[in-house]
Each structure stands twice: as C-alpha cells, then as structure tokens.
Asks: 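Encoded as structure tokens, here's the structure I'll be asking about.
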Amino acid sequence: MEDLKKFIMQYRGAIIGVIIAILLLATRLYMLIIGILLILVGAFVGNYVQQNKNDVKTKLKNFIDKM
C-alpha cells in the first residue's frame with residue numbers, strides 16, 4: 001500500500017494529465033481547443049504580417065525566387 005501511495009505522489013501530475021486527456025477525448029472538446037488555437041495562430045500571423053509588411057514581402061519574394 002505504501003508503494004502505491006509513493007507511486008501516486010511521484011506521478012500525480014501525469015495521472016491528472018491523463019485524466020484530463022481522457023475527458024477531452026470523451027467529450028470531443030479537443031476539437032474546440034484545436035479551433036481556438038488555429039484562430040489564435042491566424043491572428044498572430046496576421047498581426048505579424050501587418051506589422052512587418054516589407055520584411056514579409058522580401059522573404060516571400062526570395063522564397064518564390066528559390067523555387
């Protein structure tokens with residue numbers, strides 16, 4: 001019994017993570033989380049491009065020229 005208690009104390013973070021992952025999979029909330037992450041990435045990329053238009057144009061032109 002002491003070994004089980006020691007195991008749980010040592011790996012409680014991983015156990016909690018597994019339980020949360022199972023709940024996300026069972027309720028399909030992972031689709032919502034992926035959607036939110038995609039929206040945030042799109043907003044970040046759009047803001048970066050807007051703030052650095054000239055750099056992005058140059059990098060994109062160089063990339064297209066290499067192809």
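All values below were derived from every heavy atom in this structure, side-chain atoms included, with hydrogens, water molecules and symmetry-related copies excluded. Treat the numbers as computed from the prediction; the structure is a model and nothing was measured.
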Asks: Just one of Val56, Asp55, Leu60 clears the side chain to side chain contact (heavy atoms under 4.5 Å, CB included) bar with Val49, so which one?
Replies: Val56
Asks: Could you give the distance from CD1 (Ile36) to CE (Met31), rounded to the nearest 0.5 Å?
Replies: 12.5 Å
Asks: Applying the side chain to side chain contact (heavy atoms under 4.5 Å, CB included) criterion to Phe63, which one of Met67, Lys66, Lys59 satisfies it?
Replies: Met67
Asks: Are Ile16 and Ile33 joined in one hydrophobic group, where the rule is that I, L, V, M, F, W and Y side chains link up if heavy atoms are under 4.5 Å apart?
Replies: yes
Asks: If every non-hydrogen atom of Tyr30 is compared with every non-hydrogen atom of Leu24, which pair is closest and at what distance?
Replies: CD2-O, 3.5 Å
Asks: For Asn54, look at atom CG and say whether over 12 heavy atoms of other residues, nucleotides or ligands are found less than 6.0 Å away.
Replies: no
Asks: Main chain of Tyr48, side chain of Asn52: is a donor-acceptor contact present, judged purely on distance under 3.5 Å?
Replies: yes
Asks: Nearest 0.5 Å please: distance from the CD atom of Glu2 over to the CZ atom of Phe7.
Replies: 14.5 Å
Asks: Could you state the interatomic distance from CG (Leu37) to CG (Leu32), rounded to the nearest 0.5 Å?
Replies: 9.5 Å
